[in-house]
Protein chains: 2
Amino acid sequence: MTDGGIETARRTPATLHDVAREAGVSLATASRSLNGSTRKVNEEYRKRVLEAAARLDYSPNLSAQAVARGTTTTVALLVADIADPYFSSIAAGVVAEADHERLIVTMAATERDPERELELVRTLRGQRPRVMILAGSRPTSDPTEGALGEELRAYERSGGVVVLISRNELELRTVLVENRDGAEALARELVGIGYRRFAIITGGEGLRTAADRVDGFRAGLAATGGELRDDDILRAAFTRDGGYDGMRSLIERGLGDLELVFAANDVMAVGALSAIRDANLVPGRDVAIAGFDDIPTVRDVTPALTTVRVPLEEIGRRALRLALGDEEAANEGAIRTEVVLRESTPGITR
Amino acid sequence: MTDGGIETARRTPATLHDVAREAGVSLATASRSLNGSTRKVNEEYRKRVLEAAARLDYSPNLSAQAVARGTTTTVALLVADIADPYFSSIAAGVVAEADHERLIVTMAATERDPERELELVRTLRGQRPRVMILAGSRPTSDPTEGALGEELRAYERSGGVVVLISRNELELRTVLVENRDGAEALARELVGIGYRRFAIITGGEGLRTAADRVDGFRAGLAATGGELRDDDILRAAFTRDGGYDGMRSLIERGLGDLELVFAANDVMAVGALSAIRDANLVPGRDVAIAGFDDIPTVRDVTPALTTVRVPLEEIGRRALRLALGDEEAANEGAIRTEVVLRESTPGITR
DNA sequence: TCGGGGTGAGAAAGCGCTTCCTCGCACGCC
DNA sequence: GGCGTGCGAGGAAGCGCTTTCTCACCCCGA
């Protein structure tokens, strides 16, 4: 009745039941043949089942499996903005590793809104994902602070594992990135090639990643005699336009003897570059600029951008491995970063 | 026994059963209270259930719902490369619209490999997604051609809906993009501002999108007297490095009187720009360059890139709306594109 | 010859939900 | 006052799977 006899006309996908009937075996045997059960099943039967499955174009219903097994093969990924190269690179890493582990990844965007993030975590929990990865640091002054932590802990209590990327405000597994050290090294190198007067454009209030980078940069300057006045730290949106705006206000109030602007990430740096050009100044000559992340495009802008390389895909991969309990991943320490000097900071000979 | 009496110690998430018991109502009533059933339920009961759910931190098991309802709230998205801005922008659109419809999106990357794509479609089918969106055109000369079509049709027969983005080789719902017209318009404008001698760098053999753009561009030239020799159409990988390599071989064999290079997408164009610079030539002056897509970065490169804008996020959104049977989306016709002239094609006065 | 043990197929219970169906109840009409 | 009707709560079946548990069967040793 259900399958009207003619296969090609069936309206609903073949079930395991169909396969079992087609193969002339029991449901149990069919199930055991198609997944890697520990139980042995007669070779002859197994073959019959496999053939029947192929004939019926059977594809196991993952939801049903999840219900029966009490566990899924899903990993949930939460990022601030999918179109941002920083996040899309991380996502690519997560997806690659997930694929390797035959896991499925579901993705959502918080749009940098803590409330939204909390709500998404709630919804995503309904999927009972094995792993939940949260990328993108959030304001330390966060209205939902406690709630998110509570939610995540509840999720872990029920058997899930959460991994945070570069945000250690909660006591959870975390992929740490050498943001601070990278920025400090950058500052040292920049002073080393002659720069003295700096300004910083950074993201909104209290973003962990941004704050670490700024701290590191200051520390590097402090150690080497670079100069950074307090009012030379500008806050703007953590986006290309934020960088543009930040740089513009810097220009509008007069560059003075300012020599180099450090933007807390590359997309901002790229925006800043355009702001400089739009003011008919020459980036690298009139004012140098440096970023952070080494997203793919920065080697193609002019001048090519000095930055701190962070292996974004690697972060994504590491996050998943960490979640899956990979020993190595757990012991490798923070993700290493590396200063990359390019033409946007040609250096100053004094 | 299962819940040991103390809520905070429970190891497994609360079930609907727990909620019902806690609220002192039947399973059926609990279910009806928590989802938008058509049936009425006593206000007093509903309130009790909602409270119980909150108290137990209940979150419905989506897999179980899917099994019971026979339908999921999932949309599957297949792209070639997540880190590529073209795809990540489209993905962002899909995710935004999905979120709006309270759907969950799962994402996978084909890495431009038809075999992989086929396999992914097979796996993803197990999820019984409501919608499957495939982005990224594929070789027309494709070993798995028939198989993929077969698989997708089978999926549709079982109630799913698939939407292709800019690849009309299969008889399936498609988001069409004015690739051809856009490229033609671009060619006309470029001839209009004085260019005569052109070359094209395009993606690998038979990519639909690439082919359409090339065709359109040729048509535009043909109509206006622009000149394009057959051996001035170069094939390379559809990536930044492909663009770089393509441009380099163009340079190595001698630019001659070549005036403008059209790259079939922006990432290639950006690569080409760098190749030009690396050869100590000045893009825009020594040779002009134009791309296609208007990805975010191209306004920040120097010279800013002339391109054809295609609203990438809109494509993603449209794809999902189309899948969901949105009348409007179905009748709107191809996605409009728009020529954007920038400094990389300053024009030639003759 | 008979019993014990090992093997593996199949019946059936169960996973967390939805939804059909039954049935008690209150109400209104003649 | 009796009965039909509508309403809505709850029992129970069922979704597509997995995994116990039962049990038939075969081989072997005493």
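Order of the sequence lines sets the chain letters (A, B, ...), proteins ahead of strands, with each chain counted from 1.
- Here the shortest heavy-atom pairing between B:L322 and B:A330 reads CD1-CA, 3.5 Å.
- Within the structure, every side-chain polar atom (N or O) of B:Q65 is placed at least 4.0 Å from both OP1 and OP2 of C:dG16.
- In this structure, B:T110 contributes its side chain and B:R112 its backbone to a donor-acceptor pair below 3.5 Å.
- Using modelled atom types, one side-chain atom of A:S158 and one backbone atom of A:Y155 make a donor-acceptor pair closer than 3.5 Å.
- Mapped onto DNA chain D by nearest heavy atom, B:V67 and B:V25 fall at different nucleotides, with B:V25 at the one closer to the 5' end.
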Output one line per pair: protein atom, nucleotide atom from nucleotides 20-22 of chain C, and distance, for all N/O pairs under 3.5 Å.
unit_1: C:dC20; atom_1: N4; unit_2: B:R32; atom_2: NH1; d: 3.3
unit_1: C:dC21; atom_1: N4; unit_2: B:R39; atom_2: NH1; d: 3.1

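- Within a 6.0 Å sphere centred on CD of B:E328, heavy atoms belonging to other residues, nucleotides or ligands number 12 at most.
- Atom C1' of nucleotide D:dC15 and atom CG of A:N61 are separated by 9 Å, given to the nearest angstrom.
- Closest to the A:N42 side chain, of the nucleotides C:dC15, D:dT19, C:dA9, is C:dA9.
- Counting to the nearest Å, the P atom of C:dG8 and the CZ atom of A:R46 are 11 Å from each other.
- The nearest heavy atom of DNA chain C to B:S63 and to B:T29 marks one nucleotide each, and the one closer to the 5' end goes with B:S63.
- Distance A:L16 CG to D:dC17 P: 5 Å, rounded to the nearest Å.
- If you take NE2 of A:H17 and C1' of C:dA11, they are 13 Å apart, rounded to a whole angstrom.
- Closest of all the heavy-atom pairs between A:A323 and A:V163 is CB-CG2, 3.6 Å.
- The nucleotide whose nearest atom lies closest to any side-chain atom of A:A68 is, among C:dC15, C:dG16, C:dG10, C:dC15.
- One atom, CD of B:E44, and another, P of D:dA9, lie 11 Å apart when rounded to the nearest Å.
- Of the candidates D:dT18, C:dA11, D:dC17, D:dT18 carries the atom nearest the A:N35 side chain, counting heavy atoms from C-beta on.
- In the set D:dG10, C:dT19, C:dG16, the nucleotide with an atom closest to the side chain of B:S26 is D:dG10.
- One atom, CG of A:L27, and another, C1' of D:dT18, lie 9 Å apart when rounded to the nearest Å.
- At whole-Å resolution of the value, CG in B:D18 and P in C:dG16 are 8 Å apart.
- Residue A:Y58 places at least one side-chain N or O under 4.0 Å from the OP1 or OP2 atom of D:dC17.
- Using a 4.0 Å cut-off between a side-chain N of Lys or Arg and a carboxylate O of Asp or Glu, B:D326 and B:R318 do not qualify as a salt bridge.
- Distances shown here put every side-chain N or O of A:S31 at or beyond 4.0 Å from the OP1 or OP2 atom of D:dC17.
- One atom, CZ of A:R69, and another, P of D:dT19, lie 6 Å apart when rounded to the nearest Å.
- No more than 12 heavy atoms of other residues, nucleotides or ligands lie within 6.0 Å of CD in B:E119, so this atom counts as exposed by the packing criterion.
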